[in-house]
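Take a look at the structure set out below.
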Amino acid sequence: MSTRKITAVLLGVVLAASLLAGCSATDKPPKKEETEINNTIAVATENYTVSQSMMEYFFNSYYRTFVGNYADRLEQMHLDTAKPLSEQKYSDTHSWFDYLIAQTLKQVQQLLYLGEAALADGMELSEENTQKIEDTLARYDAAAVQNNTSTAYYLHSLFGESVNEMTIKKCLHLQMLAAQYTEKLEKEQTYTIEDLEDYFTRNSKNYSMVGLIYAAVPARQAEYFANAENEDAFVQLLRAHLLEETPALSAEDLEEKIEAAYKRRVGYMEDTAFSQWAFDTERKAFETYTEETDDGKTVVYMLLPATGEPLGETLYRDITPVKNLEFILFEPEKGEGIDTAKNKAQAVLDQWKKESEVNAQNAFETLMQEYGGDTSLNLERGRVAAELENWIFDEARQAGDTTVIAVTEGAYILHMLADGEPQWQIRVRADLQQEALDVKLEELSECYETRYSEAALYDISQIQM
């Protein structure tokens, strides 16, 4: 897993309240200061210690994120979230707990290296990041109330038996400080467009894309799909197959299933037979590839003509700009439905449109302050719910556009800002920064020794999902 995502992964599930970013919570009354439930030292450097309670938070955050990332592959990986990890084999010699605790330890050590470097640099946590910690804790309180339980019980269910607000506050402080120092390092790295082009050329397979349409069909039908002459012929076969499977399928549902069969942004995956075939520069549009599945079906893939910036007949470079936007999330109140939240959001947006000043951006920022909004920068495809993505990445979208969209967690008011760089540039720059960070972390690991207690690491509770 990328080191650059240390803080994102270990922050885990702050709350699933927002798919774009965290929204500010209402102020809460001051609480009596807690103490940690288990302050046994699990990991330490010269100036920092990670208690057993903190390690439990880090581990279960990592575990929860891992399960979310691989949700559709857990069965193939022989990982059952209903069973203790220590009783499930990751390999012949290690359990899944062995693997996940080792990964968590590695990332906690890296957090400590960055924390030590920040301390040596005289860096203190910014007021903005300090406030983010308080906002996060406030959201946990609000979520506990919404779930009709205490904050203590809610946190135990999310992160483990010995995790309380004091634990999370300490963890977030370390994470935020590490992120702040990482941001400083990134600002010190500058890359020209020539640097980005050169790196892309040397590693083009990692950044190129292909588009395809696929069908999972009984083996006896696979030959027809594999011999389809073009996209239209493939779609006709798919339409007939879907109607044969479900004769009562409505026209709308049929078209939705066909659209779901398109994968227009497929990246290269190391050591997979399909990727070796699909990312060959000699591939032609409408060529097909078949592979067998465990359930006895055959999947047939058809490559589509290149879009974006073609690098060949099927390979392309993604020049879609990343998106920048401001947003406000209206969650349903207890006992209310999504429609109520949507109506409230629409009323607020309509009123804003009537009263907003010429400087619309500043006017919307005032609205965000009133209702607890936030900003999402450098947003890539595949990061938010489809309903949001379809509007945000519409080719007609322009800075200043607004809308209200209801999704599972509530209704969003969206306000578009100017587009960012093409997505390929964002990804290349991130990897160049990653390489620089890896070098820095290697240097820091030689400067700061980490000590850990294996007994403490193996005596933490695992959440049930």
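Only this structure's heavy atoms are used, side chains among them; waters, hydrogens and symmetry mates stay out.
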Return yes if some donor-acceptor pair links the side-chain N/O of Glu287 with the main-chain N/O of Lys284 below 3.5 Å, else return no. yes
Passes ring-ring contact (aromatic ring centres under 6.0 Å, His included), His415 versus Phe364? Steps please. CA-CA 8 Å; His415 177 241; Phe364 197 84; 4.6 Å; yes
Using atom types as modelled and distance alone, determine if a side-chain donor or acceptor of Asn69 lies under 3.5 Å from a backbone N or O of Phe66. no
Neighbour count above 12 (heavy atom, 6.0 Å) for Gln189 CD: yes
With Tyr458 via ring-ring contact (aromatic ring centres under 6.0 Å, His included) - residues at least two apart: Phe97
Kindly give the heavy-atom pair with the smallest separation between Ala260 and Tyr214, and that separation in Å. O-CE2, 4.1 Å
Test: Glu134 and Lys169 ion pair at under 4.0 Å: yes
Any donor-acceptor pair under 3.5 Å from Asp394 side chain to Ala396 backbone: yes
Without placing hydrogens or testing angles, list every side-chain donor-acceptor pair under 3.5 Å for residues 195-212, not counting sequence neighbours.
unit_1	atom_1	unit_2	atom_2	d
Asp195	OD2	Thr192	N	2.9
Asp195	OD2	Thr192	OG1	3.2
Glu197	OE1	Arg317	NH1	3.1
Asp198	OD2	Arg202	NE	3.0
Asp198	OD2	Arg202	NH2	3.2
Tyr199	OH	Glu435	OE2	2.5
Thr201	OG1	Glu197	O	2.9
Asn203	ND2	Tyr199	O	2.9
Tyr207	OH	Asp431	OD2	2.6
Ser208	OG	Ser204	O	2.7

Check the surroundings of atom OH in Tyr289: do more than 12 heavy atoms from other residues, nucleotides or ligands lie under 6.0 Å from it? yes
Quick one: does Glu309's side chain have a donor or acceptor within less than 3.5 Å of a partner on Asp318's backbone? no
Tell me whether Met269 at atom CE has more than 12 heavy atoms from other residues, nucleotides or ligands lying less than 6.0 Å away. no
Answer yes when Lys170 and Glu165 have at least one side-chain N-carboxylate O distance shorter than 4.0 Å, and no when they do not. no
Heavy atoms from other residues, nucleotides or ligands near NZ of Lys83 exceed 12 (cutoff 6.0 Å): no
Determine, for Glu188 against Lys184, whether the closest basic-nitrogen to carboxylate-oxygen distance falls under 4.0 angstrom. yes
Rounded to the nearest 0.5 Å, how far apart are CG of Leu79 and CZ of Arg73? 11.5 Å
Salt-bridge contact Glu380-Lys323 (side-chain N to carboxylate O under 4.0 Å): no
Closer than 3.5 angstrom, by distance alone: can the side chain of Ser275 be matched with the main-chain N or O of Thr272 as a donor-acceptor pair? no
Test ring-ring contact (aromatic ring centres under 6.0 Å, His included) applied to Tyr113 and Tyr448, step by step: CA-CA 7 Å; Tyr113 295 148; Tyr448 303 107; 7.2 Å; no
When you measure from the side chain of Ser53 to the backbone N and O of Val163, does any donor-acceptor pair fall under 3.5 Å? no
Please say whether more than 12 non-hydrogen atoms of neighbouring residues, nucleotides or ligands are located less than 6.0 Å from CD in Glu124. no
